[in-house]
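Quick one: structure below, then a few questions.
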There are 2 protein chains.
Amino acid sequence: MLLRTNTPSSRPVDGHLAALAGERVFCSEFRYRRGTEVFGEGEETEYVYQIIAGAVRTYKLLSDGRRQINSFHLPGDMFGLENGAVHRFTAEAVVETRVRITRRRSLLETMQGRESGASSFLGLVTRNLQHAENHMLLLGRKTALERVAAFLLELDERLGHPRILVLPMSRRDIADYLGLTLETVSRACSTLRGQKMLKFEGATQRQIVLLDRKGLAEYDA
Amino acid sequence: MLLRTNTPSSRPVDGHLAALAGERVFCSEFRYRRGTEVFGEGEETEYVYQIIAGAVRTYKLLSDGRRQINSFHLPGDMFGLENGAVHRFTAEAVVETRVRITRRRSLLETMQGRESGASSFLGLVTRNLQHAENHMLLLGRKTALERVAAFLLELDERLGHPRILVLPMSRRDIADYLGLTLETVSRACSTLRGQKMLKFEGATQRQIVLLDRKGLAEYDA
DNA sequence: CGTAATGTTGACTCTCATCAAGTTCTGTGG
DNA sequence: CCACAGAACTTGATGAGAGTCAACATTACG
């Protein structure tokens, strides 16, 4: 959507982001191995990212290691574009992830030219805010089962209701997104399976078929 | 800050907001009794508000009545300015509250003229987002005591570290903001008092003196 | 194919919610 | 200004939902 218009050419690059810093590339493709940090909390907001394939988690940590994942970013999603000079959270690749990278400055310059630029930026921030508002309701007031049901429906929605929902993230990631423990997430999935709301497809527990979206939605009070 | 520049004149008006709808006032003052709704979830975003005195809570409800308060707005704060056509949550006066009201349209028009306008708007949304990000960490991962300590420090900070912290909101409001019950909030306050981190001033439990801000900050892991 | 990572399940614990009683505070009317 | 009623707050007893600890199963991956 947004970045796509500012992408005259893209060439694959290997190595860490720092390798890009000295170059004058306008926009290029990049690859992160699973678990790799894309940027850290407090780092300068020098680049803007769009996912081509894979998934990214953004999170905050407490001093003793407790983690809260703000959001998962999926193919097509943009992230890392913030108003301030430094990132307010950390971004990591959940799985092997390909990303399109643009310099923040050049993006903002391009934006200033077009009238739609500023409003695209605003729309992006607003969408994030809206998601955060809904997530606060979930974290503050929903039960474990409601949270997991809401999570599955959110992902299903964002992936366009595929027959098989392929989760890129682990139970621990889901737990840290939903404010639960991985055991509780696992139990909730088992409960929902017992209620015939979902089933696991194939060998792995990362592939889920939603059998009863309406039933799941009822949990999502 | 923002609205102040767009306030050629203001006159006090009584009665409900609807009374304003037909009028051609550019900006005026308004009063809400405690517990009164300023706007509801789903209503059109026709006005923008700035608090002169009092306090406002914004919240979302689940179908069975569970409530999550997103934020409290205090004197000087703006609220109700959203990107979309309808409000995503409800706003209510916590106590008797005086508010400055502007038509959204006229504010946005004024903004378009100035270069600073769009960035003020963006700054507002960004601050809200930043607050929401921190609050998700609190709701997802902090203990009851940590939440209450964080709440007191947040309010203390926003009110400019007064000797006496006067809470405009009830224990229930605090609970619904922190994702707890009112009993748990009450107990946490008692615990902190037992630890000499705070004391109640005068007759009421709404007036708190923070005796050990450093100690409270340590809870805020 | 074997080892490490991930996921499930069970037993038990603990924090916070619920229920309930009593106290304190506030606002209103006499 | 005081008395009263309702709201707000505190505190205690108990319970439930989710966390912790642990064992085991399954899957992924070199």
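First the proteins, then the strands, lettered A, B, ... as listed; each starts at 1.
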> What pairs meet the ring-ring contact (aromatic ring centres under 6.0 Å, His included) rule with one or both residues in residues 170-192 of chain B, with sequence neighbours excluded?
Replying inline: B:F72-B:Y177, B:H135-B:Y177, B:F151-B:Y177
> Going by an N to O cut-off under 4.0 Å, is there a salt bridge joining B:E46 and B:R104?
Replying inline: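 Salt bridge: no.
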>> If I compare all heavy atoms of B:I164 with all of B:Q207, which pair ends up nearest, and what's the gap?
In response: CG2-CB, 3.7 Å
> Rounded to the nearest 0.5 Å, how far does CD of B:Q68 lie from CG of B:L178?
Replying inline: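 Output value for this atom pair is 8.5 Å.
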>> I'd like to know if B:E154 and B:R158 make a salt bridge, using a cut-off of under 4.0 Å between side-chain N and carboxylate O.
In response: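 Looking at B:R158 together with B:E154, the answer is yes, because their closest N to O distance falls below 4.0 Å.
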> Rounding to a whole Å, what distance do you find between B:E183:CD and D:dG15:P?
Replying inline: 16 Å
> With no hydrogens and no angle check, is any side-chain donor or acceptor of A:R141 less than 3.5 Å from a backbone partner on B:R67?
Replying inline: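 Yes; at least one donor-acceptor contact below 3.5 Å.
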> Quick one: how far along DNA chain C does chain B reach, first to last nucleotide 5' to 3', anything under 4.0 Å to a heavy atom?
Replying inline: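 Span of nucleotides near chain B: C:dC16 to C:dT26.
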>> Counting the atoms with a prime plus P, OP1 and OP2 as sugar-phosphate, which does B:R147 contact under 4.0 Å by heavy atoms, base, sugar-phosphate, or nothing?
In response: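 Here B:R147 touches no strand at all.
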>> What contact category does B:L180 fall into here, base, sugar-phosphate, or nothing, at under 4.0 angstrom with non-hydrogen atoms?
In response: sugar-phosphate
>> So does A:L182 get a backbone contact from the side chain of A:S186, meaning a donor-acceptor N/O pair under 3.5 Å?
In response: no
> So how far is it from B:R171 CZ to B:Q205 CD, rounded to the nearest 0.5 Å?
Replying inline: 6.5 Å
> Whole Å only: how far is the CD1 atom of B:I174 from the C1' atom of D:dA8?
Replying inline: 12 Å
>> At a heavy-atom distance below 4.0 Å, what parts of residues 136-146 of chain A sit against DNA chain C?
In response: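 None, since no heavy atom is under 4.0 Å.
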>> Classify A:G179 by what it touches in the nucleic acid, base, sugar-phosphate, or nothing, heavy-atom distance under 4.0 Å.
In response: sugar-phosphate
>> Between A:T45 (side chain only) and A:G84 (backbone N and O only), is there a donor and an acceptor less than 3.5 Å apart?
In response: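 The answer is yes, because a donor-acceptor pair under 3.5 Å joins these two groups.
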> With no hydrogens and no angle check, is any side-chain donor or acceptor of B:R206 less than 3.5 Å from a backbone partner on B:P168?
Replying inline: yes
> Whole-Å distance between D:dG19 C1' and A:L182 CG?
Replying inline: 11 Å
> Quick one: B:R187 CZ to D:dA8 C1', roughly how many Å, whole number?
Replying inline: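 Between C1' of D:dA8 and CZ of B:R187: 15 Å.
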> When the distance from CG of B:D173 to C1' of D:dA8 is rounded to whole Å, what number comes out?
Replying inline: 11 Å
>> I'd like to know if B:D176 pairs up with B:R57 as an ion pair, taking the criterion as any Lys NZ or Arg NE/NH1/NH2 lying under 4.0 Å from an Asp or Glu carboxylate oxygen.
In response: no
> the helix from C:dC1-D:dG30 to C:dG30-D:dC1: angle between its terminal axes, five pairs each, to 10°?
Replying inline: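 For the helix from C:dC1-D:dG30 to C:dG30-D:dC1, the axes at opposite ends meet at about 50°.
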>> Main chain of A:V95, side chain of A:T97: is a donor-acceptor contact present, judged purely on distance under 3.5 Å?
In response: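 Confirmed, A:T97 side chain pairs with A:V95 backbone.
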> Is a side-chain N or O of B:E96 found less than 3.5 angstrom from the main chain of B:R34, in a donor-acceptor match?
Replying inline: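 Side chain of B:E96 to backbone of B:R34, a donor-acceptor pair under 3.5 Å: no, none is there.
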> Which residues within residues 202-211 of chain B lie with some heavy atom under 4.0 Å of an atom in DNA chain C?
Replying inline: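 Result for residues 202-211 of chain B: B:A203, B:T204, B:Q205, sorted by number.
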> Is the distance from OP1 or OP2 of D:dT11 to the nearest side-chain N or O of B:S190 less than 4.0 Å?
Replying inline: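 For B:S190, the contact criterion (side-chain N or O under 4.0 Å from OP1 or OP2 of D:dT11) is met.
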Side-chain donor-acceptor distances from residues 214-221 of chain A under 3.5 Å, at least two apart:
| from | atom 1 | to | atom 2 | distance (Å) |
| --- | --- | --- | --- | --- |
| A:Y219 | OH | A:Q195 | OE1 | 2.9 |
| A:Y219 | OH | A:Q195 | NE2 | 3.1 |
| A:D220 | OD1 | A:K142 | NZ | 2.5 |

